Amino acid sequence: MLMWTDGPLCYGGDYNPEQWPEQVWSEDVALMRQAGVNLVTVGVFAWSRLEPAPGRYTFDWLDQVLDLLHAGGVRVALATPTASPPPWFSLAHPGALPVTADGIRLHHGSRDTYCAATPAYREAALRITTALADRYAHHPALAGWHVHNEYGTTCHCEHTARAFRRWLAARHGDLTALNDAWVTSFWSQHYSDWAQISTPRATQYLPNPGHLLDFRRFWSDTLLTAYTEQRDRLRAANPALPVTTNYVLGGWVPVDHARWATEVDLVAVDHYPSAVDQGAEEQTALAADLARGWARHAAVHRRSAAPRAGAAASTWLLMESAPNQIHTAGRMHTKEPGRMMRHSLAHVARGSHGALFFQWRAPVGGAERFHSALVPHAGADSRVFRETVALGAALRRLTEVRGDVEASVALVVDAASAWALRHPGMPSTLPDHHDELAAAHRVLWHAGHTCDTVTPGDPLDGYRMLVLPAVYLVDDTTAGWLRGYVHAGGHLVATYLSGVADEHARVRLGGYPAALRELLGVRAEEFHPLAEDDHVRLDDGATGRIWAETLRLSGADTVVSYTGGVLDAMPAVTRHRVGTGTAWYLSTRPDDTTYRRLLDTAARAAGVTPVCPDAPEGVETVRRRDGDASWLFLLNHTDHEQHVPARGVELLTATPVERAVTLPPGGVAVLREHKG
Ligand code: GAL
């Protein structure tokens with residue numbers, strides 16, 4: 001199989017020729033060549049143009065587009081258009097329209113308006129997939145397949161309820177096990193027949209936590225089956241072409257991305273920051289580190305390893321990003337000049353084999369007509385297109401960069417914990433696995449450390465420090481995995497709400513966090529959730545937010561105590577030495593300055609040093625390494641000129657660097673480092 005990662009860095013994005021008259025297509029290809037675009041994903045939402053009536057296919061336009069792209073040297077990730085069924089489908093199959101938890105059936109008029117558990121939808125999706133596979137699987141323009149778009153929809157219809165029951169029976173075996181897992185003795189919820197179980201629809205008061213959690217797991221698996229069905233059709237037509245789908249990130253997504261990673265030939269992620277300040281760069285780094293973590297997880301767990309000649313196992317692809325605007329609530333923020341380059345290179349630094357965008361050309365109409373594009377409404381004579389050309393040139397100069405990303409810290413990510421913490425009956429709505437993950441990542445990012453992300457059970461060799469951010473569900477296997485890490489000399493930093501419940505979201509007894517109590521050397525009796533604008537004071541002058549606990553020591557030492565209030569003088573942050581390893585516990589969320597000081601202390605003790613200890617704050621530094629060769633990415637996110645001591649050859653300007661790199665405000669540099 002020839003992977004996208006085998007060739008030069010990928011550059012391009014979603015190309016929607018169906019939105020434009022034919023005359024524009026040749027100009028598109030000419031502009032793509034000018035910009036150095038080498039990969040476009042075509043037809044993502046083109047179902048109604050490809051199949052205007054049931055079983056009637058109109059492929060002539062796509063034939064033409066693919067031929068044009070091929071002649072222009074642009075490779076194609078051909079999409080299956082199944083994220084947006086045509087109006088005729090919804091009319092013919094009203095039962096395939098999705099139903100919300102409130103029982104409202106949605107109507108056609110946007111995208112993603114289907115129920116992926118409904119046979120009619122799945123059959124129609126497979127039909128158009130097969131038609132595309134039959135016609136294009138051997139087209140010379142094809143580099144691979146892009147299945148669907150951002151799987152993540154759910155539904156509460158009767159088809160879903162039936163599929164859910166089947167899934168539950170397979171997971172739990174019998175009703176006794178299910179009743180036990182869901183603790184249905186509470187509020188008279190005992191099920192005596194499978195038919196009594198519905199999806200967790202809107203109900204009178206708090207829903208059952210086990211029920212909700214299993215529903216998310218069910219959707220992850222159901223959507224995965226919808227994906228693998230298509231993938232298998234496409235593979236059967238031409239096993240040499242890689243198949244993937246683009247992940248959408250966010251706490252709401254009912255997809256276990258780690259589990260999915262073992263079923264795609266290449267992890268592909270869409271990323272759109274939501275912050276306009278430096279939060280955008282923090283989010284970008286985290287998204288990339290997540291993607292790399294899933295790719296590495298897949299390389300370890302994939303049943304049949306996909307061949308990836310020349311590329312590190314942790315290589316992934318940024319499938320979508322925004323050339324320009326950052327979308328915030330109610331307003332689009334125009335990205336400053338140079339920011340598209342910095343965001344793209346941040347992804348490449350962190351293992352993406354290139355940078356793809358949504359979208360190639362800005363449309364005149366449609367819901368996303370003001371979304372940014374590489375060719376904006378202003379046309380090619382525009383700042384954005386000039387930056388597009390510059391980015392294409394930069395990526396070409398980075399062709400030699402390869403290898404894994406250097407990281408000696410890992411953060412644990414767990415989809416099920418994120419889902420379970422969102423149950424409305426938690427002691428507070430504030431704690432959030434992704435938020436806690438982002439806080440630790442942000443602090444480490446500012447301190448100049450590169451972090452990997454891992455899924456419970458992944459190999460931990462080489463990580464001197466491991467952060468466990470509100471990993472609420474810890475089963476016995478995961479508890480053993482963490483114990484093994486610390487006993488082997490690892491340095492673990494666990495935050496509040498880690499290890500409190502088992503895999504069914506049942507609270508573990510005997511004092512929190514029961515699964516980790518012994519390892520952490522602490523025991524919490526009571527939680528003290530804080531109001532959003534509230535904080536607790538710590539005896540080093542710092543503050544804690546979100547959460548606090550009545551914590552007692554059972555082997556650990558106190559590092560920081562609470563001061564004032566009911567928790568006065570009680571431990572807030574603890575450290576437990578276990579052989580040569582250490583297990584830290586944070587029972588509150590310290591402010592960023594304190595958090596950084598604590599993580600710096602833990603990192604120093606663990607022997608973790610920043611990528612570039614002399615780099616100034618605000619310059620992101622990431623190293624890729626392949627054997628003896630290494631490349632250092634330097635991204636200046638500040639408004640000032642910055643100097644970073646380094647030696648090598650700067651690849652973007654092909655300039656030797658003897659002592660230090662000078663980065664203009666917002667500037668970037670990539671060094672092939674000299675050894676020694
Ligand atoms: C993505 C989606 C694209 C486009 C984009 C806008 O999530 O895949 O189709 O809608 O968002 O930011």
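Indexing begins at 1, ligand by ligand and atom by atom, following the structure's order. Predicted, not measured: the structure shown is a model, and the values here were computed from it.
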Participant: Using a strict 4.0 Å cut-off to heavy atoms of E150, name the atoms of ligand 1 that fall inside it.
Facilitator: 1 (C), 2 (C), 7 (O), 8 (O)
Participant: For atom 10 (O) of ligand 1, which of the options H271, E368, H148, Q359 provides the nearest non-hydrogen atom?
Facilitator: E368
Participant: List ligand 1 atoms under 4.0 Å from R111, heavy atoms only on the residue side.
Facilitator: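 Near R111, the atoms of ligand 1 are 2 (C), 3 (C), 4 (C), 9 (O), 10 (O).
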Participant: For ligand 1, which atoms sit closer than 4.0 Å to a heavy atom of D270?
Facilitator: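 Counting from 1, the qualifying ligand atoms are 8 (O).
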Participant: Any idea which protein heavy atom is nearest atom 12 (O) of ligand 1, and the distance to it?
Facilitator: H371 NE2, 2.7 Å
Participant: Tell me whether R217 forms a cation-pi arrangement with W419, defined as NZ or CZ under 6.0 Å from the six-membered ring centre and within 45 degrees of its axis.
Facilitator: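 R217 over W419 ring: no.
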Participant: With a cut-off of 4.0 Å, which atoms of ligand 1 are near a heavy atom of F45?
Facilitator: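 Listed by number with element: 9 (O).
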Participant: For the aromatic rings, using the six-membered ring if either is Trp, is the centroid distance between H271 and F357 under 6.0 Å?
Facilitator: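 No, the ring of H271 stays outside the 6.0 Å limit from the ring of F357, centre to centre.
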Participant: Evaluate whether atom CZ of R33 has more than 12 neighbouring non-hydrogen atoms of other residues, nucleotides or ligands under 6.0 angstrom away.
Facilitator: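 Counting other residues, nucleotides and ligands, CZ of R33 stays at 12 neighbours or fewer.
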Participant: If we count only N and O atoms by modelled type, under 3.5 Å, do the side chains of Q278 and H637 hold a donor and an acceptor together?
Facilitator: no
Participant: Please round to the nearest 0.5 Å and tell me the distance separating atom CG of N246 and atom NE2 of H148.
Facilitator: 9.0 Å
Participant: Are H371 and F358 close enough that their ring centres sit under 6.0 Å apart?
Facilitator: yes
Participant: Please state which protein non-hydrogen atom is closest to atom 5 (C) of ligand 1 and give its distance, to 0.1 Å?
Facilitator: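 Protein heavy atom at minimum distance: Y272 OH, 3.5 Å.
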Participant: Run the numbers for me: atoms of ligand 1, each under 4.0 Å from some heavy atom of N149, listed by number.
Facilitator: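 Those atoms are 2 (C), 8 (O), 9 (O).
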Participant: Which residue and atom name correspond to the protein heavy atom nearest atom 3 (C) of ligand 1, and how close is it?
Facilitator: E320 OE1, 3.3 Å
Participant: Mind checking salt bridge (Lys or Arg N to Asp or Glu O under 4.0 Å) for R383 and listing every partner two or more places apart, or none if nothing turns up?
Facilitator: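 Result, salt bridge (Lys or Arg N to Asp or Glu O under 4.0 Å) vs R383: E387.
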